[in-house]
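Below, chain A is the first sequence line, B the second, and so on; all start at residue 1. When reading the values below, keep in mind they use all heavy atoms of this one structure, side chains included, and skip hydrogens, waters and symmetry mates. In this text, all values refer to a predicted model and were calculated from it rather than measured experimentally.
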Amino acid sequence: MKEALEAVIKQKVREIYGLEIESFTIEKPKDDNLGDLATNVAFLLSKKLRRDPKSLAQQMAEHLSNEEFSAEALGGFINFTFSDDYLKREFTELLRKGEAYFVEDMGKGESLQVEFVSANPTGPLHLGHGRGAVVGDVLANLLKTYGYKVVREYYINDAGYQVYLLGLSILYRYKKLFGEEDEQLKDVYEREGYKGKYIDELAKDVKAFYGSSLLKEDRDKAINLLKDYGVKRLLEEIKSTLELLNIRFDVWYSEKALYLEGKVQKVVDLLMERGYTYEKDGALWFKSTEFGDDKDRVLIRSDGTYTYFAGDIAYHWEKYQRGFSKVINIWGADHYGYLPRLKGALTALGIPENWLNVQLVQMVRLFSEGQEIRMSKRTGEFITLKELIEDVGSDAVRFVFLTKRSDTPLDFDIELIKRKTSENPVFYVQYMHARIMGVFREVHTRYQIDIDKEYLQTFVPFLKESQEIKLIKRVLFLKDNIKEAVLRLHPHIITYELLDLAKDFHSYYNHYRVILEDRNTMLSRIALLKGIELSVKFGLKLMGVGAPDRM
RNA sequence: GUCCCCGUAGCUCAGGAGGAUAGAGCGCGAGAUUCCUAAUCUCGAGGUCGGAGGUUCGACUCCUCCCGGGGACGCCA
């Protein structure tokens, strides 16, 4: 809706004032009564032309009205109101095209990667991972639907100290099962080891499989073996949890493989050749301060091993080689401080500044009956993502994770989300769909009318109540709003739109009956419901949330 | 200590490239069901947009300082 208007305004400015204007806004007026859209173009012109904005708005408004909308100047604003005929024509078009009405080829086949979750395979996923998973998945859905080629990728940190600690922790607990206290491992285990219940379970499985044979094994060998075993098992666990949310990845990329293929060494060499490294204290450093970081960062430790950072540079260099025109990383907000050094390294490698787009996802706090449930990684006491999904269901988890901007903290109240009332936003939206489907079923049993889009189109002109026109607008504007969600990478915009639509729908539903004696009115209302229904279904599909036929 | 983010109704938050009387949900108060799902709806009370300056025709939005909350500052990942 906005795009067409924008073009008309530009054209008129050109015709009347002989000026090119770019940066004016078109947005919803504060008050619905003022119109459907408004522009501030007159204010901007008044600066350029040194004329009073009011009279400019007045003058432009006279030239702007056409059969699709009327333009009216108020103060310096120009307000546009779409004609009912135009809205009904568009709505008919929506019924004709179905979901395709909302879709546009914004990406033109541009190739993108969304890398998300990428949690270390050293424990089960927790709530924060879940939020990143949902946000990443929906962004990928959105981009894919709007014409981008999208690869969903999970980077597996299966190399380095963290997974070494995993192997060590399993070994330590395994020995405990035989009543053996390994004094040499104890210290590290106490300080840095993983202590969740799942470690004990893994240790038990190891015992069942290997018996006591690992007790005599060389420590390093055993740790290595258990590390690989643990990583494999935990990745399975992670995959199955993501599966519960209906999230699947195209690529699972192994950090370890980067090392085995010599890619880390290669990229470090590259940085060295370009003069961005130096040696100090026996370690090799990257000059990240040259790129705005607070301090330089180690690539190769004094013991000769690579840092996580070195591997990550290699990974992103690899992504770049694969030809993605842009890469979107979904990160926990605690990684924020890591960004400057990575961006710095990519710049050093000659990768364009905006190639890497990082979306930060803030933490999730869990509540029950208004009481916060504290989570502690240290003691291993926390509610896992899997437990939460099993408790409240995938739809609820996904929806709630999308109710706020992802870069602000989110409170998740388990009890509230299980409640079947309007307090619960998931049900509020899903109930709209169920109600509409209920009407369709009823119409079918009473009159044997099939809800056929082609047939219904002809009844759109009979819609006349102001609430009906309002609903039509909501549905038509959904397209602009989803496009904005794509452009800004803000999936929560869709959530808010669906909630607003649900509010208007439930209100309408309570005031007007659909099934009536007057056939034309009835069929026009069914047409309206059909348009709403396919919009809701489309919105929920993008969110990965189900649209139930009955509740 | 340095850097970053946040501060909008009792609570949880939308909004923001400056624009017209600041929005929603929950909670609170009062009401609605002979009728397509009351898992709903209607009405009401509730705000110096953390504070003080500044820029501007115009500031919740931009700038500076202050106050309050959170986070990041490893040869961890």
Side-chain angles (χ1 to χ4, degrees), chain A residues 23 25 27-31 33-34 38-40 42-44 46-47 52-54 74-77 79 118-120 122 155 157 159-165 192 255 280-285 293-295 297-312 332-340 360 362-363 367 370 403-405 407-411 413 416 419-428 430-432 434-443 445-446 492-493 495-496 499-500 502-503 505-516 522 525-526 529 550-551:
Chain A
S23 60
T25 60
E27 50 195 18
K28 265 194 147 88
K30 295 270 176 196
D31 185 340
N33 296 323
L34 293 171
T39 179
N40 65 348
F43 288 101
L44 302 172
S46 86
K47 267 179 200 157
D52 166 38
K54 278 187 190 170
L74 187 70
F77 292 93
N79 297 319
S118 297
N120 287 350
T122 53
Y155 182 49
N157 304 132
Y161 192 54
Q162 298 300 326
V163 283
Y164 168 81
L165 283 176
E192 302 178 283
E255 181 187 6
K280 196 184 87 182
D281 305 331
L284 186 76
W285 297 71
D293 199 4
D294 321 333
K295 50 175 140 181
R297 309 288 175 172
V298 171
L299 293 169
I300 303 179
R301 300 185 187 97
S302 46
D303 68 3
T305 59
Y306 293 99
T307 58
Y308 172 82
F309 179 43
D312 207 24
D334 54 340
H335 285 63
Y336 181 77
Y338 180 74
L339 189 56
L360 294 176
Q362 279 284 2
M363 55 189 278
F367 285 76
T403 49
K404 287 187 58 178
R405 276 178 63 138
D407 56 358
T408 56
L410 176 83
D411 292 345
D413 193 312
L416 185 147
R419 234 169 272 164
K420 295 180 172 182
T421 67
S422 59
E423 296 164 72
N424 181 343
V426 191
F427 284 93
Y428 193 69
Q430 289 186 324
Y431 185 46
M432 156 168 57
R435 269 184 150 174
I436 293 173
M437 295 312 280
V439 173
F440 291 172
R441 280 194 298 273
E442 186 66 21
V443 168
T445 34
R446 283 202 210 172
H492 77 281
I493 293 174
T495 319
Y496 275 91
L499 283 166
D500 283 346
K503 186 178 165 62
F505 167 77
H506 288 307
S507 172
Y508 174 71
Y509 187 89
N510 265 270
H511 286 96
Y512 296 91
R513 298 195 53 76
V514 175
I515 298 171
L516 302 157
M522 174 169 82
R525 290 180 179 176
I526 291 171
L529 261 52
R550 53 181 93 221
M551 291 168 73

Check: Base, sugar-phosphate alone, or nothing: which one does S302(A) contact when heavy atoms must sit under 4.0 Å apart?
Finding: base
Item checked: Whole-Å gap separating C1' (C73(B)) and CZ (R297(A)) -> 7 Å
Notebook entry, point to check: How many Å lie between NZ on K503(A) and P on G23(B), as a whole number?
Noted result: 14 Å
Notebook entry, point to check: For M551(A) and A39(B), what is the distance between atoms CE and C1' respectively, to the nearest whole Å?
Noted result: 6 Å
Notebook entry, point to check: Which part of the nucleic acid does P29(A) contact within heavy-atom distance under 4.0 Å: base, sugar-phosphate only, or nothing?
Noted result: base
Notebook entry, point to check: Toward the 5' end of RNA chain B, which comes first, I493(A) or F309(A), by nearest nucleotide?
Noted result: I493(A)
Checklist line | Touch class at under 4.0 angstrom, heavy-atom based, for Y306(A) against every strand present | finding: nothing
Margin query: Using a 4.0 Å heavy-atom cut-off, does F440(A) contact any base of the nucleic acid, only the sugar-phosphate backbone, or nothing at all?
Written below: nothing
Check: Base, sugar-phosphate alone, or nothing: which one does H335(A) contact when heavy atoms must sit under 4.0 Å apart?
Finding: base
Next item on the list: Tell me what L360(A) touches on the nucleic acid: a base, only sugar-phosphate, or nothing, going by heavy atoms under 4.0 Å.
Entry: nothing
Next item on the list: For residues L410(A) and Q362(A), determine if any side-chain heavy atom of one lies less than 4.5 Å from a side-chain heavy atom of the other.
Entry: no
Notebook entry, point to check: Counting only N and O atoms by type, is there a donor-acceptor contact under 3.5 Å from the side chain of R525(A) to the main-chain atoms of R513(A)?
Noted result: yes
Note to self: Any donor-acceptor pair under 3.5 Å linking the side-chain atoms of Y308(A) with those of Q162(A)?
What the structure shows: no
Check: Which string of ( ) [ ] | and . matches RNA chain B, if you list each base 5' to 3' and count Watson-Crick or G-U pairs only when both distances are under 3.5 Å?
Finding: (((((((..((((.....[...)))).(((((.......))))).....(((((..]....))))))))))))....
Next item on the list: Could you check whether N79(A) gets within reach of a base, just the sugar-phosphate, or nothing at all, counting any heavy atom under 4.0 Å?
Entry: base
Check: Closer than 4.0 Å, any side-chain N/O of R435(A) to the OP1 or OP2 of A38(B)?
Finding: yes
Check: Can you check the N510(A) CG to A39(B) C1' distance for me, whole Å?
Finding: 12 Å
Item checked: Any S507(A) side-chain nitrogen or oxygen under 4.0 Å from OP1 or OP2 of U42(B) -> yes
Notebook entry, point to check: Given atom CZ of F43(A) and atom C1' of U61(B), what is their separation to the nearest angstrom?
Noted result: 16 Å
Check: If you pin E192(A) and E255(A) to their nearest nucleotides in RNA chain B, which one's is more 5'?
Finding: E192(A)
Note to self: Measure CG/L299(A) against P/A77(B) and give the value in whole Å, please.
What the structure shows: 12 Å
Checklist line | Between A24(B) (P) and Y428(A) (OH): distance, integer Å | finding: 12 Å
Check: When we call it a touch if two heavy atoms are under 4.0 Å apart, what does Q162(A) touch: a base, just sugar-phosphate, or nothing?
Finding: base
Check: Whole-Å distance between G25(B) P and M432(A) CE?
Finding: 14 Å
Notebook entry, point to check: What one-letter contact string describes nucleotides 5-14 of chain B from 5' to 3', where B marks a base within less than 4.0 Å of any protein heavy atom, S marks contact via sugar-phosphate atoms alone, and - marks no contact?
Noted result: -------SSS
Check: Relative to the ring of Y164(A), is the ring of Y161(A) parallel (under 30°), tilted (30 to 60°) or perpendicular (over 60°)?
Finding: parallel
